Amino acid sequence: LLNMPKTNKFIFWTPRILAILFILFLAMFSFDIFDSCSGFSQCALGLFMHNLPSLILLVILIIAWKREIVGAVAFISAGIIYIFFVLFNIFQTGFEWYYLAWILQISGIVFFVGVLFLIGWRQKKIKK
């Protein structure tokens, strides 16, 4: 890690740092549960349910830390899955312009992280 060229350090650290920031960003949305829960068990269950995507991405990040291909496949897949969720919502409720912003903000970030993991994996594979 210390002997890596500068571009390799960038490719190594950028997807990991962005993934951590993105997971924290997603977890931040779970704080709205405190407005509507009435007891400890309801709040705990609500926090768990709201943070399930963040927890899944955290487990994926832990695995992807050493195996970049896992991060590449999982983060790109997460972006595609999110797009399908938004499209399903569009079909049920009708199109609103902000759905496109949601897709760009959420899927765009995870696609970028996934591509960076893919580049890192590819660079390691070429070096071997």
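In this text the structure is predicted, and so the values were computed from the model without any measurement.
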Nearest heavy-atom approach of S107 to G79 is OG-O, 2.9 Å
Min side-chain heavy-atom separation L100-F95 under 4.5 Å: yes
The complete set of disulfide (SG to SG under 2.5 Å) pairs with one or both residues in residues 40-89, sequence neighbours excluded, reads C37-C43
The reported gap from CD1 in I80 to CD1 in I76 (rounded to nearest 0.5 angstrom) is 7.5 Å
Looking at side-chain heavy atoms only, is the closest gap between F117 and V73 below 4.5 Å?
no
Q) Is there a donor-acceptor pair under 3.5 Å between the side chain of N51 and the backbone N or O of L47? A) yes
Looking only at heavy atoms, the pair that brings F22 and I106 closest together is CZ-CG2, 3.9 Å
Scanning both residues in full, the closest heavy-atom pair of I11 with L116 reads CG2-O, 4.0 Å
Open item on the list: Using only atom types and a distance under 3.5 Å, with no angle test, would you say the side chain of S30 pairs donor to acceptor with the backbone of A27?
Closed with: yes
Open item on the list: Within the 3.5 Å criterion, strictly below it, is a donor on Y99 or T93 matched to an acceptor on the partner's side chain?
Closed with: yes
Run the ring-centre check on W102 versus Y98 and record whether the distance is less than 6.0 Å. yes
Under a 4.0 Å threshold between the charged nitrogen and the carboxylate oxygen, would K125 count as salt-bridged to E68?
no
When rounded to the nearest 0.5 Å, the distance separating CZ of F84 from CD1 of I90 is 12.5 Å
